[in-house]
Amino acid sequence: MNPKNIRLAGEVSIYAFAATVPLTIAGANISWGLLAACLLALALTRSKEGIQWSARSSALEKPLLFFLAVSVLTSALGTDPAHSFKYTNQDIHKIWLYYLFMIGLGSFQAPRWKNWLMAAFSVSAAIGIYQSLPTLFNDTPHWERVRAHAFVHAVTFGDQMAIALIGGIAMLLSPDPTNDRKKYWLTVAFSILVGTALFLSHTRAAILSAIAGISVILLILPKLRKWVLIAIPLSLLSIAGLEVVLPMRAVIAPVIEAIRTGNTDSRQLVRIHLWDGAIKMAKANPITGVGHNNFRSEFPRYVDVRKTIDGNVQTFGTAHNLYFHHLAERGLIGLAAVLWLLATLLLQAWRISRDKPTATNLWALGTITAFLLQNLTEVALQVEILWMLVFFIWIAARTEYNNSRRVT
């Protein structure tokens, strides 16, 4: 086996992952499988320029290992250990892909990964717009209007498009010197495309997360810091726009009604009951929770599902809030584990962006900021096609930063 050919295949596998992760989980899995095969093949050649094992280390390693240890412990002490352990592979998968991408990106040169990722985002955004836009301008009743979603759930799609928009803005605002006007205008067009798809997903949390991610990027760049002030009115305007476009998903009126009457039966406020159930679970099992993936089966013990969510408990396998969800399923130590993990992602992205505000570093910082907000209304850390994307961008930024320090 020729090491040069193996390295080329490794580079292609990274590009393949970037080109598939916004579109298909199967394609992404095949791509990282190819990357693993390339690393194994390179190890067998015993090339002088072999695998960069040292690339595996970062500040994220210990939080991830602790996260897995807590997962095992809380599953063993939960209400149904046999059921919980069937899903432990989900957390092992996070560790595995962390090491795979850290070592893979450290061993193979793949400088054009952003181009492939942006191309995939563009395809996904175009499909989503095609699905949704016609229903806004024909006779379709507002309750039948289609939310842009491409090949995933509309909420996941919105989260993806938020990350894509942050990436486009990061490239436009980055102080990286460039005179390529064609690339600049392509990035502008990309940002408009994914921003339109984001709005048409009608996902409020995703839109707000994009605004938050872009705001953090502005904070990093001293000359642009004053523009952060527009974040609040822009957020309010976005929410108001969604209330008009899709009245059936309006949240402002139900909130006002709930405050006035105390009635929280509106479907748009169902998360209140999910969060209430999660808190009650945590109070009953404060240290280790009810165990991984036991939220669905335990929820009816704490909340009357017949009155609150029409008895449709099978629809809700999570608390629709990562922090409440981990508090319920893994207790205080689980909450500590996920907070350590996310805080490390954010602080490391902030640190390298402050040191070198490149487009990649700013994208990683904005992405992690958005991801933290997305998890306020979803359990995005358990959505594989989403957390793989987030980890990949963070690891790519970390790898490029380490490489730049070695060069200088």
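In this chain, residues are counted from 1 in sequence order.
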Would you say [X]'s side chain and [Y]'s backbone share a donor-acceptor pair under 3.5 angstrom?
| X | Y | answer |
| --- | --- | --- |
| Ser404 | Tyr401 | yes |
| Trp363 | Lys114 | no |
| Arg56 | Met102 | no |
| His292 | Ser75 | no |
| Ser132 | Ile129 | no |
| Thr156 | Val152 | no |
| Arg271 | Thr377 | yes |
| Ser107 | Ile51 | no |
| Thr399 | Ala397 | no |
| Ser124 | Ala120 | no |

Determine whether the aromatic ring centres of residues [Y] and [X] are separated by less than 6.0 angstrom.
| X | Y | result |
| --- | --- | --- |
| His83 | Tyr87 | yes |
| Phe17 | Phe101 | yes |
| Trp113 | Tyr15 | no |

Open item on the list: Quick check on Trp116: does its CH2 atom have over 12 non-hydrogen neighbours (other residues, nucleotides or ligands) under 6.0 Å away?
Closed with: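 Counting other residues, nucleotides and ligands, CH2 of Trp116 stays at 12 neighbours or fewer.
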Task: Arg147 to His149 - nearest heavy-atom pair and separation - done: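 Here Arg147 and His149 meet closest at O-ND1, 2.8 Å.
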Task: Ala150 to Ile127 - nearest heavy-atom pair and separation - done: CA-CG2, 3.9 Å
- [ ] Give me the ring orientation class for Phe67 and His326: parallel if the planes are under 30° apart, tilted from 30 to 60°, perpendicular past 60°.
- [x]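 The arrangement is tilted - the two ring planes meet at 30° to 60°.
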TODO: Using a strict cut-off of less than 4.0 Å between a Lys/Arg side-chain nitrogen and an Asp/Glu carboxylate oxygen, indicate whether Glu400 and Lys356 qualify as a salt bridge.
DONE: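 No salt bridge links Glu400 with Lys356.
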When you compare the side chains of [X] and [Y], does any donor N or O come within less than 3.5 Å of an acceptor on the partner?
| X | Y | value |
| --- | --- | --- |
| Arg296 | Thr318 | no |
| Ser209 | Asp159 | no |
| Glu329 | Thr74 | no |

- [ ] Taking side-chain contact (heavy atoms from CB on, under 4.5 Å) as the test, write out the residues that go with Asp276, two or more places apart.
- [x] Lys280, Val303
Task: Partner set under side-chain contact (heavy atoms from CB on, under 4.5 Å) for Leu34, not counting sequence neighbours - done: Ser13, Cys38
Task: Worked verdict on Asn361 versus Thr358 for side chain to side chain donor-acceptor pair (under 3.5 Å) - done: CA-CA 5 Å; Asn361 291 345; Thr358 65; 3.3 Å; yes
Rounded distance [0.5 Å steps], [atom1] in [X] versus [atom2] in [Y]:
| X | Y | atom1 | atom2 | result |
| --- | --- | --- | --- | --- |
| Lys4 | Thr45 | NZ | OG1 | 15.0 Å |
| Leu172 | Tyr184 | CG | OH | 5.5 Å |
| Leu327 | Asn285 | CG | CG | 10.0 Å |

Contact check, side chains of [X] and [Y], non-hydrogen atoms, under 4.5 Å:
| X | Y | value |
| --- | --- | --- |
| Thr369 | Trp350 | no |
| Val155 | Gln374 | no |
| Tyr323 | Asn375 | yes |
| Phe392 | Met388 | no |
| Ile395 | Leu97 | no |
| Trp394 | Gln348 | yes |
| Ile217 | Leu173 | yes |

Open item on the list: Under the side chain to side chain donor-acceptor pair (under 3.5 Å) definition, can you give me all pairs with a residue in residues 91-102, not counting sequence neighbours?
Closed with: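 Non-adjacent pairs meeting side chain to side chain donor-acceptor pair (under 3.5 Å): Ser58-Tyr98, Glu61-Tyr99, Ser71-Asp91, Asp91-Arg330, His93-Glu384.
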